[in-house]
**Student:** 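This is the structure I have questions about; it appears just below.
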Amino acid sequence: MDTVIIVCQLILSLSILVVTHEFGHFIFAKIFGVRVSKFYMFFNPNFSIFKYIPDGPHKGADAPVGFSFCKYTEIVEEIEQVDVDKYNANPDKYTHLGKDVKVISETIEEVEEKVKGKLVKQIKITRQVKGGFSLISYTREPLPEGKVSKSWWHNTDFGLGWLPLGGYCQIDGMVDETQSAEKMKDKPVEKWEFRAKPAWQRLLIMIGGVAVNLVSAPLIFWFVLYIWGESYVSFSEAPIGLQYHEVMQEAGFQNGDLIVSINGEEVDSYKEIANTILLSDTCTVGIVRNGEPMQIGMPREFYRTILSKDVEQLCALRVPTVVDSVLVGSPAYAAGLVAGDSIIGIDSLRTSAFNEIASAIKSNAGNTVSLIVAREDKSVDTLSVNITADGTIGFTNVAPTRWIKVKTLEYGFFAALPAGVNKGYELLVNYVKQLPLLFTKEGATKVGGFGTIAKIFPESWNWRIFWFNTAFLAIMLAVMNILPIPALDGGFVLFLLVEVITGKKIPDKFMEYAQMVGMMILLMLVLYANGNDVLRYLF
């Protein structure tokens with residue numbers, strides 16, 4: 001059941017982000033008068049769960065006005081005009097529709113049209129293609145002939161697909177995975193097509209998705225901070241300092257040290273410590289050890305060590321070992337341990353940190369050890385305890401909440417807005433700084449897919465964490481999408497910037513080939529990332 005909750009959170013979060021991302025493309029396309037044929041949440045290969053057709057039935061469609069069930073609702077008429085000589089030379093090229101569509105009817109007629117000022121004979125091919133199956137459809141009453149809707153939803157079919165791996169916004173006249181250059185080459189350019197618009201408008205349409213994601217993240221943080229505030233564990237009030245991972249100890253830290261600053265800036269939370277150490281080539285950490293201030297210079301490129309040794313947590317709060325209760329009949333009960341006792345050592349080890357005491361007890365399973373105990377009356381006793389074979393003695397420690405101080409920053413409605421913007425900016429900067437780590441030998445092995453993303457969601461539903469993670473994923477989606485890889489928004493943006501600068505449009509055929517290469521790159525990245533998840537799960 002816990003896994004189901006995690007998966008549901010992941011799907012809902014990604015669905016929200018994909019819809020808002022595609023809406024960014026949609027809204028800019030509509031602003032510039034570009035027609036958007038389809039707007040879908042999830043993908044719909046051959047099948048849709050729901051479809052809304054705002055302009056009435058398509059020509060030849062078998063879907064009635066209103067609701068219909070289990071219908072082929074998408075019947076599209078395609079018209080292609082080609083030169084007679086080209087058609088006669090290779091007629092199959094212009095009549096082949098592909099293996100995944102069905103020809104309902106096809107007519108071929110000769111027409112005469114002016115092409116580049118000359119009257120030429122052309123072949124007009126009209127095809128009606130039966131599209132995907134839809135479980136439920138709602139089709140509005142068509143407008144009277146000659147009347148055009150001024151609604152923003154005009155000429156767009158909206159739907160819910162069955163494959164929850166994203167979504168799409170199909171923009172007419174744009175070379176992408178749904179429309180090839182060859183298919184559009186012989187069609188006249190319409191004023192409402194993407195390719196008919198100036199480069200700067202096409203550039204804004206392509207940036208629209210990333211822009212909406214970048215705007216939505218601080219807006220989400222705004223409401224998260226306003227409703228729940230911001231809570232964090234205060235490291236500055238650690239009762240007995242911090243416990244350090246072995247890689248930190250190798251760098252010079254000792255258990256019990258308290259980190260108070262990094263590069264002269266005060267720090268008070270684990271997030272501040274981890275982000276700065278991981279993302280800095282080198283830094284100086286200010287600590288307090290046994291009441292004395294000291295400084296530790298971190299080794300250069302310490303992040304490589306962190307990544308290579310799979311360090312999940314650099315340091316954590318230490319809490320004292322104070323007995324909350326003792327199990328009757330247990331070794332601890334027999335030795336005389338009582339509630340309120342503080343364990344301050346075991347054999348030659350002198351420490352009160354619970355994790356160190358627990359580790360020492362576990363490592364001495366089946367043996368007899370001496371516990372050094374401080375009583376509530378300030379006296380100190382030594383108790384001989386027989387540890388069980390499974391490494392326990394039968395007591396529970398006082399809850400960590402007694403020692404760990406959780407601070408909550410509360411915001412008013414208007415004060416939460418700049419705080420949300422700052423939170424979004426901070427996460428954006430940190431995420432961009434982390435990208436170069438992916439191109440290191442150590443970082444490449446940490447790349448993850450859906451399994452890694454799912455781990456950021458808790459096993460029980462928590463709306464604060466859900467929305468916080470959704471805002472973070474919005475930033476991640478925006479950064480990844482703007483990378484200059486063909487098939488991503490960043491690839492289109494790169495080509496459009498070249499066009500804006502040079503004044504020369506990139507050929508559609510080149511765009512199509514680049515799109516194919518980009519799709520192959522993305523497929524390999526997806527397989528690699530999710531393959532890492534599988535390997536981590538298995539081994």
Side-chain angles (χ1 to χ4, degrees), residues 6-7 10-11 13-22 24-25 40-43 45 161 163-169 174-178 180 206-207 209-210 212-214 217 278-279 303-304 306-308 310 427-457 469-470 472-497 510-539:
I6 291 173
V7 171
L10 176 64
I11 292 176
S13 179
L14 293 179
S15 299
I16 292 170
L17 295 177
V18 167
V19 168
T20 53
H21 178 89
E22 297 301 332
H25 295 308
Y40 260 77
M41 177 190 289
F42 303 156
F43 294 111
L163 188 61
L165 296 177
Y168 66 95
C169 174
M174 174 180 168
V175 176
D176 60 9
E177 63 274 11
T178 65
S180 67
M206 295 314 303
I207 292 175
V210 169
V212 169
N213 286 143
L214 290 177
L278 181 63
L279 299 176
Y303 61 83
R304 292 185 181 272
I306 295 172
L307 293 172
S308 64
D310 290 326
L427 282 176
L428 174 63
V429 170
N430 285 338
Y431 190 75
V432 171
K433 285 182 178 180
Q434 290 177 37
L435 281 181
L437 301 183
L438 300 179
F439 299 98
T440 64
K441 178 183 176 182
E442 298 81 5
T445 61
K446 302 300 179 290
V447 174
F450 291 112
T452 299
I453 297 173
K455 286 182 180 179
I456 69 175
F457 292 97
N469 287 341
T470 299
F472 168 72
L473 290 176
I475 291 172
M476 186 180 79
L477 178 64
V479 173
M480 297 305 293
N481 241 295
I482 205 63
L483 293 177
I485 300 174
L488 290 178
D489 293 347
F492 285 100
V493 168
L494 176 63
F495 294 137
L496 286 167
L497 285 174
F510 178 85
M511 292 286 289
E512 184 177 352
Y513 287 139
Q515 187 86 2
M516 292 168 61
V517 172
M519 290 298 291
M520 291 176 62
I521 293 172
L522 290 180
L523 179 61
M524 287 189 291
L525 287 175
V526 168
L527 290 175
Y528 176 75
N530 287 283
N532 277 349
D533 284 346
V534 172
L535 291 175
R536 278 191 285 266
Y537 177 77
L538 293 176
F539 303 108

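We number each residue from 1, following the sequence as shown.
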**Student:** Looking only at heavy atoms, what is the nearest atom pair of Ala474 and Leu17, with distance?
**Tutor:**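 Smallest heavy-atom distance, with atoms named: CB-CD2, 3.5 Å.
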**Student:** Rounded to the nearest 0.5 Å, how far does CG of Leu473 lie from CG of Leu427?
**Tutor:**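 Those atoms lie 10.5 Å apart.
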**Student:** Please find the pair of heavy atoms, one from Val18 and one from Gly167, that lie closest to each other, and give the distance.
**Tutor:**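 Heavy-atom minimum between the residues: CG1-N, 3.3 Å.
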**Student:** Return the CG to CG distance between Leu527 and Leu522, rounded to the nearest 0.5 Å.
**Tutor:**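 These two atoms lie 11.0 Å from each other.
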**Student:** Which heavy atom of Met206 sits nearest a heavy atom of His25, and at what distance?
**Tutor:**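 Heavy-atom minimum between the residues: O-CE1, 3.1 Å.
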**Student:** Distance check, rounded to the nearest 0.5 Å: Ile485 atom CD1 versus Ile521 atom CD1?
**Tutor:**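 So the CD1 of Ile485 and the CD1 of Ile521 are separated by 6.0 Å.
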**Student:** Could you state the interatomic distance from CG (Leu496) to CD1 (Ile207), rounded to the nearest 0.5 Å?
**Tutor:**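 Reported value, rounded in 0.5 Å steps: 8.5 Å.
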**Student:** Please check: side-chain N/O of Asn469 versus main-chain N/O of Ile456, any donor-acceptor pairing under 3.5 Å?
**Tutor:**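 Indeed, once roles are kept as given, a pair shorter than 3.5 Å links the two residues.
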**Student:** Can you see which heavy atom on Ser13 is nearest to which on Thr470, and at what distance?
**Tutor:**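 For Ser13 versus Thr470, the nearest heavy atoms are OG-OG1, 2.9 Å.
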**Student:** In the structure I gave you, are the side-chain heavy atoms of Leu279 and Gln434 within less than 4.5 Å of one another anywhere?
**Tutor:**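 The answer is yes, as the side chains (C-beta and beyond) meet within the 4.5 Å cut-off.
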**Student:** Walk me through whether Met480 and Leu435 qualify under side chain to side chain contact (heavy atoms under 4.5 Å, CB included).
**Tutor:** CA-CA 9 Å; Met480 297 305 293; Leu435 281 181; 4.2 Å; yes
**Student:** Going by the angle between their ring planes, with limits at 30° and 60°, are Tyr168 and Phe43 parallel, tilted or perpendicular?
**Tutor:**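 The arrangement is parallel - the two ring planes meet at less than 30°.
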**Student:** Please report the interatomic distance CZ(Phe472) to CD1(Ile453), rounded to the nearest 0.5 Å.
**Tutor:**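 Between Phe472 CZ and Ile453 CD1, I get 9.0 Å after rounding to 0.5 Å.
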**Student:** Would you name the heavy atoms of Ile475 and Ala217 that are closest together and state the gap between them?
**Tutor:**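 Reported closest heavy-atom pair: CG1-CB, 3.6 Å.
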**Student:** Rounded to the nearest 0.5 Å, what separation is found between the CZ atom of Phe42 and the CD1 atom of Ile11?
**Tutor:**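 Those atoms lie 6.5 Å apart.
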**Student:** Do Glu22 and Tyr40 come close enough that some side-chain heavy atom pair is under 4.5 Å?
**Tutor:**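 Heavy-atom side-chain distance check fails, nothing below 4.5 Å.
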**Student:** Test side chain to side chain contact (heavy atoms under 4.5 Å, CB included) on Thr20 and Asn213 and set out the steps.
**Tutor:** CA-CA 7 Å; Thr20 53; Asn213 286 143; 3.7 Å; yes
**Student:** Give the minimum heavy-atom separation between Ile6 and Ala454, together with the two atoms involved.
**Tutor:**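 Closest heavy-atom pair between Ile6 and Ala454: CG2-O, 3.4 Å.
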**Student:** How about OH on Tyr513, more than 12 heavy atoms from neighbouring residues, nucleotides or ligands closer than 6.0 Å, or not?
**Tutor:**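 Atom OH in Tyr513 is not packed in, count stays at 12 or less.
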